[in-house]
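A short write-up of the structure that comes next.
Reminder, nothing fancy here: chain letters follow the sequence lines and each chain counts from 1.
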Amino acid sequence: MIHSLFLINHTGDIFLEKHWKSVISRGVCDYFLEVKEKAVEPENVPPVLQTPHHYLISIYRDKLFFLSVIQTEVPPLFVIEFLHRVADTFQDYFGECSESIIKDNVVTVYELLEEMLDNGFPLATESNILKEMIKPPTILRSVVNTLTGSSNVGDKLPTGQLSNIPWRRAAVKYTNNEAYFDVIEEIDAILDKSGMTVFAEIQGVIEACTRLSGMPDLTLSFMNPRLLDDVSFHPCVRFKRWESERVLSFIPPDGNFTLMTYHVSSQNLVAIPVYVKQNISFFETGSCGRLDITIGPKQTMGKMVEGLMVTVHMPKAVLSVNLTASQGNYTYDLATKVLVWDIGKLNPQKPPNLRGTLSVQSGAPRPEENPALDIKLKIQQLAISGLKVNRLDMYGEKYKPFKGVKYMTKAGKFQVRT
Amino acid sequence: MTDSKYFTTTKKGEIFELKAELNSDKKEKKKEAVKKVIASMTVGKDVSALFPDVVNCMQTDNLELKKLVYLYLMNYAKSQPDMAIMAVNTFVKDCEDPNPLIRALAVRTMGCIRVDKITEYLCEPLRKCLKDEDPYVRKTAAVCVAKLHDINAQLVEDQGFLDTLKDLISDSNPMVVANAVAALSEIAESHPNSNLMDLNPQTINKLLTALNECTEWGQIFILDCLANYTPRDDRESQSICERVTPRLSHANSAVVLSAVKVLMKFMEMLPKDLDYYGTLLKKLAPPLVTLLSAEPELQYVALRNINLIVQRRPEILKHEMKVFFVKYNDPIYVKLEKLDIMIRLASQANIAQVLAELKEYATEVDVDFVRKAVRAIGRCAIKVEQSAERCVSTLLDLIQTKVNYVVQEAIVVIKDIFRKYPNKYESVIATLCENLDSLDEPEARAAMIWIVGEYAERIDNADELLESFLEGFHDESTQVQLQLLTAIVKLFLKKPTETQELVQQVLSLATQDSDNPDLRDRGYIYWRLLSTDPVAAKEVVLAEKPLISEETDLIEPTLLEELICHIGTLASVYHKPPSAFVEGSRGVQHKRLPGSAGSGESESPDAGSAGGVSEAPPAVIPSQGDLLGDLLNLDLTPPTATGPPPPSSGMQMGAMDLLGGGLDSLLGGDLGGSPAMGSGFGGPPAAMPASFSAPVSGGLDDLFDLGGGVGMPMGAYSPPKTIWLPAMKAKGLEILGTFARRAGVIQMEMTLTNKAMSVMSDFAIQFNRNSFGLAPAGPLQVLTPLSPNQSIEVALPLNTVGPIMKMEPLNNLQVAVKNNIDVFYFSCQYPISMLFVEDGTMDRQVFLATWKDIPNDNEAQFQIKDCHLNSDAASNKLQGSNIFTIAKRTVEGQDMLYQSIKLTNGIWVLAELKVQAGNPNFMVSLKCRAPEVSQCVFQSYEAVLKN
């Protein structure tokens with residue numbers, strides 16, 4: 001099981017360690033730091049490393065490495081999932097997950113880690129339960145605590161911990177009962193030079209926010225559930241009902257949670273909302289190149305495309321750029337060689353265009369690689385897969401809740417090859 | 001104010017100040033001080049000096065303070081064991097607290113304090129907590145048993161905690177069940193043979209029920225535990241699969257992968273024509289695809305496992321090629337894994353897509369990735385014949401880019417393509433030759449030289465090209481030197497007139513100016529061949545080469561089977577069996593996939609688990625045993641006198657003797673360091689599915705044949721073959737064997753199976769000294785090399801004139817088997833009845849006298865249960881194994897048979913067998929001057945009578 005945890009910042013300083021069994025010297029991290037040194041980019045450090053006596057399993061999140069040490073055969077996914085859960089919990093408690101915020105709350109962090117794992121076995125990882133055991137810090141509470149001498153640590157057994165619905169605490173009460181569902185879809189796609197789709201799929205997620213009193217039992221149904229290729233549910237969803245009737249039936253956790261994630265794969269036709277015409281070329285002679293990018297609407301289902309942004313990782317040899325954008329602004333970072341063109345809203349009548357020259361280091365060979373374009377965009381009020389919520393019903397409680405469903409489509413890993 | 005204030009220090013010295021604060025009267029100040037101590041601890045500062053002061057704060061109503069003190073205790077108790085005792089009273093008191101949270105906290109913390117003195121006090125509170133009314137306390141206590149076991153295993157067993165833990169599997173609360181399973185699994189890992197997890201249909205049912213209700217982590221523990229169970233039949237297997245499939249839709253990817261493991265394993269038992277089998281296959285693909293949209297770390301582990309799954313069951317993901325397409329900002333470790341899987345999934349149907357992608361990748365920035373992409377194009381050409389042409393033209397396009405490492409990598413793979421499709425794509429040689437100058441890596445240079453030598457007759461200036469390489473001969477790496485030598489000899493044999501000078505030059509460079517023995521030896525061989533018999537030289541050097549096989553990097557079938565049982569574990573990430581690298585788990589048990597239903601008669605349900613062969617686990621001699629010295633000193637030269645002529649096909653790889661394999665590998669155009677080529681000789685592509693059960697049933701069938709065919713009235717008893725040497729321990733060689741006595745000759749009968757990917761040859765066998773001087777009477781007769789997946793039956797006659805040493809047990813035999821790969825050691829036990837000689841009938845008078853003469857202390861009595869034979873049948877049966885009845889007496893319906901046995905070394909054993917009509921229990925009394933043999937003789941009695 002998980003033996004120890006080290007938190008390491010991106011420069012390689014170990015700033016927190018926690019051991020759940022015996023203490024392991026932080027020297028064990030040297031193996032990791034050596035690999036990290038070699039990998040150059042922190043993203044490229046392999047997540048599973050072997051040392052003479054231990055295994056190191058790590059994740060890289062928010063510019064921090066969460067490095068766990070294990071000694072026996074443990075499923076690596078189990079460890080990785082747990083580490084992400086730790087990072088999620090920090091995010092949830094402190095609003096962000098960074099070195100400074102962890103240092104500022106080190107005692108709470110330590111208490112949390114102790115509560116999440118016992119002897120390497122996960123103990124309490126549900127945010128609802130943790131918050132009952134250890135209250136998140138707020139300015140008001142710390143003032144009150146100082147005055148009254150009470151503490152941040154709950155002294156009662158969390159109610160949900162052992163019930164059949166560990167995700168919900170008992171006796172929730174609200175004056176305004178509301179339930180909101182956000183259907184958010186991300187398009188992962190690779191387009192080739194000519195704009196043809198090489199690969200496209202949709203990753204969808206339904207984020208929910210429920211503030212409902214008592215023990216509400218909700219049922220959510222879709223107009224077209226057969227669209228979904230693969231689904232993963234929050235533990236609250238009754239799988240049998242989904243299997244037989246394709247409806248989501250559940251007693252929700254209190255507050256924010258991810259109800260389900262789904263996947264619409266390349267087998268179905270995935271609509272691509274924009275087209276990209278591009279040409280990036282370098283001249284054989286002389287030290288310059290040309291860039292010309294145009295983006296226009298394709299299958300937008302009549303909705304407005306917003307937050308449009310194009311990122312290009314230029315070859316190392318490109319010294320500077322001299323471009324004109326018909327809409328929006330562009331920046332070129334000389335150190336990282338990243339060109340960012342922030343367009344904003346897409347005007348269907350006048351497709352935005354960016355063109356101009358690239359100057360290349362003189363004497364350097366013509367760059368071989370073709371930089372790929374990374375596209376970001378947002379479309380409100382649209383689920384690009386066509387998924388639609390049919391209705392939401394509540395049983396088990398008498399009051400009438402306020403219900404709302406919102407749709408949004410975003411670009412995920414949306415890449416155009418050149 | 002934030003916690004960072006705890007890190008500030010003052011001039012007076014931190015420890016001094018903290019000490020004062022810890023002993024303050026004000027509660028709030030105390031708490032703040034403890035927080036400061038904890039903060040220092042988290043950054044690795046040593047604050048152990050404050051131990052007594054912190055422990056003093058333990059007696060408090062404030063839960064936060066208590067928890068903080070506990071945190072401190074866990075960290076430092078080990079270094080201050082005497083002080084830690086001070087805390088015990090508070091712990092014991094807390095274990096009785098009315099608040100379950102405090103009870104649980106106390107027992108949990110006590111378990112974390114790894115101090116012997118404290119663990120003694122832990123037993124009683126722990127026992128109470130394991131039976132606590134509150135499930136939260138029980139679940140915490142379950143984990144505590146695992147902690148305690150880690151500190152003091154003996155104590156846990158003595159106190160009976162393991163049984164209590166097993167009882168918790170039936171607990172009403174699913175969280176308690178999950179934690180009990182997790183604790184038991186962890187304990188079982190350090191006790192592989194303890195049979196802690198006694199899995200039967202009832203417990204399985206309980207686990208499956210708990211599975212639906214417990215937390216995600218609990219589900220992982222339960223699924224991993226389920227994966228160790230072997231269902232009784234396909235129906236049970238299906239019902240478990242049905243109850244596990246909903247886990248595929250869990251948001252936690254570890255749950256998903258553990259469920260995949262259970263399904264992949266239990267699927268083996270389902271008949272392929274079952275509708276459900278097809279449904280299950282379809283259900284597996286979407287969750288695997290979804291794993292690939294998770295965080296990159298999760299993707300990596302998922303990809304390593306998918307790599308195994310597509311090798312075992314390619315049909316699951318054959319339509320999902322596109323999800324493995326690489327995005328430019330994937331981390332490099334994800335890119336490389338995706339590429340590997342793309343090649344495994346490449347087929348005629350999708351090759352166009354794959355090639356277009358690979359070509360795209362070849363223009364990326366990352367050098368390692370680009371190289372692998374170029375290699376992948378070559379592998380596609382070899383794997384999918386229809387695409388070869390397109391692959392070659394893609395490679396040529398890439399060569400045109402003139403990017404140095406791309407060109408070199410392309411040339412290496414083109415060489416492999418030439419090997420696979422000879423005389424087809426030679427038109428590209430001209431293009432390759434243009435790039436000669438840019439090659440600076442040994443592998444690429446060697447490949448180019450091989451191409452020039454191989455096609456010397458079609459390259460006009462081949463001699464010039466090779467000569468240009470020769471100039472810097474001594475600066476080249478060995479790989480290139482060897483290749484250059486061979487290539488020039490080839491050239492000479494093809495164009496003898498113009499190149500005499502060149503060949504002489506290279507031969508003298510290789511033989512006289514080189515320090516490298518490999519190079520020198522090869523040089524000398526060529527030199528002598530050329531000078532004695534140029535025709536023979538031509539036949540050897542220009543011999544037709546075997547084609548290279550398609551898949552060069554498949555995992556061996558037995559290893560793959562084992563890895564499938566370990567999906568989701570570290571083993572699956574490293575693609576090595578757990579025994580190869582997991583430290584701390586002493587003697588990991590090998591897992592095997594269950595056989596599919598109806599694959600052979602050997603799968604009778606009561607034959608038990610996994611193939612039903614290895615009921616008695618084979619005892620493999622530990623590699624550092626003292627006795628081994630004897631074995632290691634034995635001369636294990638191959639039986640050259642009776643040895644087979646080297647096979648003409650040249651398929652024999654890596655043979656050790658110079659005359660056979662040495663030359664073969666030379667004339668096989670061996671490219672030295674190229675692993676793709678080296679392992680490419682693997683013969684027929686390994687047919688994986690179902691083949692592993694074949695040798696087993698074959699072996700059993702043979703046994704029946706032999707038993708019936710020897711022409712003795714009853715036939716001496718010979719036990720069924722058991723696995724002596726599992727393939728895992730012997731680099732793919734599996735040995736099943738038994739002993740038999742046929743027409744007065746003791747025989748060791750073995751089935752040798754090659755489960756590796758390469759051909760095995762040069763078998764030889766030796767015994768260690770043993771109790772009865774058993775020794776092989778001749779060499780091991782394995783005449784033809786053993787191809788992958790082939791089995792051979794061997795009968796080795798034995799004599800009893802070898803060196804003698806008493807073994808424990810008496811009938812233990814330690815054996816060494818050698819082949820071209822390595823020497824392997826194992827031990828087996830022979831039935832002592834093999835040693836009963838045919839002239840074992842003792843005269844009645846002598847019998848009587850001897851019986852009286854042997855002291856009564858030497859008499860041993862045994863009972864044989866459940867034997868439904870009458871005395872005559874028993875007597876007949878025993879006679880078949882040279883146990884001779886010399887007198888019979890009937891007293892009050894009880895037959896007394898008096899029997900004599902003579903062993904090969906002249907020891908006589910006298911026996912009295914009591915058979916009562918209608919009573920299936922026989923009594924045997926054995927008398928012998930060497931009473932040690934009695935136990936073995938009795939075992940033979942039992943074996944003979946019951947078979």
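Interface remark: A/V45 contributes backbone atoms only to the contact with chain B (heavy atom separation under 4.5 Å). If you measure heavy-atom distances from A/K413 to chain B, the contacts under 4.5 Å come from both the backbone and the side chain. Interface residue A/M1: backbone and side-chain heavy atoms are both found under 4.5 Å from chain B. Both the backbone and the side chain of A/F233 come within contact range of chain B, each with at least one heavy atom under 4.5 Å from a heavy atom of that chain. In this structure, chain A has a heavy atom under 4.5 Å from the side chain of B/V403, while its backbone stays farther away. Using a 4.5 Å cut-off between heavy atoms, B/Y70 makes no contact with chain A at all. With a 4.5 Å cut-off on non-hydrogen atoms, B/E337 does not touch chain A at all. Contacts between A/Q203 and chain B at a heavy-atom distance below 4.5 Å involve the side chain alone, from C-beta outward. With a threshold of 4.5 angstrom between heavy atoms, B/V34 does not approach chain A through any atom at all. Contacts of B/K283 with chain A are made by side-chain atoms alone, with heavy-atom separations under 4.5 Å and no backbone atom involved. Only the backbone of B/E364 comes within less than 4.5 Å of a heavy atom in chain A; its side chain stays farther off. Only the backbone of A/V74 comes within less than 4.5 Å of a heavy atom of chain B; no side-chain atom from C-beta onward does. Only the side chain of A/I190 comes within contact range of chain B, with heavy atoms under 4.5 Å apart. With a threshold of 4.5 angstrom between heavy atoms, B/P296 does not approach chain A through any atom at all. Residue contact with chain B, scored on non-hydrogen atoms closer than 4.5 Å, is absent for A/T258. Of the atoms belonging to A/I70, it is side-chain heavy atoms, and not backbone ones, that fall under 4.5 Å from chain B. Looking at A/Y262, there are no atoms closer than 4.5 Å to chain B (heavy atoms on both sides), in backbone or side chain. For B/Y76, no part lies near chain A; criterion is any non-hydrogen pair under 4.5 Å. Of the two parts of B/Q219, neither the backbone nor the side chain holds a non-hydrogen atom closer than 4.5 Å to a non-hydrogen atom of chain A. Only the side chain of B/D224 comes within contact range of chain A, judged by heavy atoms closer than 4.5 Å. At a 4.5 Å heavy-atom cutoff, the contact between A/Q415 and chain B is made by side-chain atoms alone.
Looking only at side-chain heavy atoms (C-beta outward), B/N252 and A/R85 come within less than 4.5 Å of each other. With a 4.5 Å cut-off on side-chain heavy atoms, A/I59 and B/E295 do not count as touching. Using a 4.5 Å cut-off on side-chain heavy atoms (C-beta onward), B/L257 and A/P75 make no contact. A 4.5 Å side-chain heavy-atom check between A/K18 and B/L71 finds at least one atom pair inside the cut-off. Proximity of A/H313 to B/Y328: side-chain heavy atoms (C-beta onward) are separated by under 4.5 Å at one or more points. In this structure, B/V301 and A/I80 have side chains that are in contact, with non-hydrogen atoms separated by less than 4.5 Å.
Around atom NZ of B/K402, more than 12 heavy atoms belonging to other residues, nucleotides or ligands sit under 6.0 Å away.
Rounded to the nearest 0.5 angstrom, A/E81 CD and B/I220 CD1 are separated by 7.5 Å. One distance of note links CZ of A/R417 with OG1 of B/T363; it measures 8.5 Å at 0.5 Å rounding. Note that the NZ atom of B/K576 and the CD atom of A/Q50 stand 5.0 Å from one another [nearest 0.5 Å]. Atom CD1 of residue A/I57 and atom CG of residue B/L570 lie 5.5 Å apart, to the nearest 0.5 angstrom. Here the straight-line distance linking atom CG of B/L68 with atom CD of A/E111 works out to 5.0 Å at 0.5 Å rounding. In this structure, A/H234 NE2 and B/H250 NE2 are separated by 8.5 Å, a value rounded to the nearest 0.5 Å.
Options A/F15, A/Y60, A/W242 differ in how many heavy-atom pairs under 4.5 Å they form with chain B, and the most are formed by A/Y60. With chain A as partner, the option from B/L105, B/I567, B/N305, B/T290 having the largest number of non-hydrogen pairs under 4.5 angstrom is B/T290. The greatest number of non-hydrogen atom pairs below 4.5 Å with chain A, out of B/S253, B/P331, B/A251, is found for B/S253. Ranked by heavy-atom pairs shorter than 4.5 Å toward chain B, the options A/E243, A/H84, A/H19, A/E43 are led by A/H84. Residue with the most contacts toward chain B among A/P47, A/G412, A/A39, A/P46: A/P47 (heavy-atom pairs, distance under 4.5 Å). Annotation: maximal heavy-atom pairing with chain A below 4.5 Å, among B/S258, B/P246, B/A183, B/A302, occurs at B/P246. Of the residues considered (A/L16, A/V23, A/V48, A/D188), A/V48 shows the highest number of contacts with chain B, using heavy-atom pairs under 4.5 Å. Per-residue heavy-atom pair counts under 4.5 Å with chain B were compared for A/L83, A/L7, A/V198, A/T261, and the maximum is reached by A/V198.
Under a 4.0 Å N-O distance rule, the pair A/R61/B/E297 does not qualify as a salt bridge.
Shortest non-hydrogen contact noted between B/K327 and A/F199 is NZ-CE2, 3.8 Å. Counting all heavy atoms, side chain and backbone alike, A/P76 lies closest to B/V573 at CG-CG2, 3.7 Å. Nearest heavy-atom pair, B/Y136 versus A/E115, reported as atom, atom and distance to 0.1 Å: OH-OE2, 4.2 Å.
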Which donor-acceptor pairs under 3.5 Å do side chains of residues 116-125 of chain A form with protein atoms, sequence neighbours excluded?
residue	atom	partner	partner atom	Å
A/D118	OD1	B/K147	NZ	2.7
A/T125	OG1	B/W217	NE1	2.9

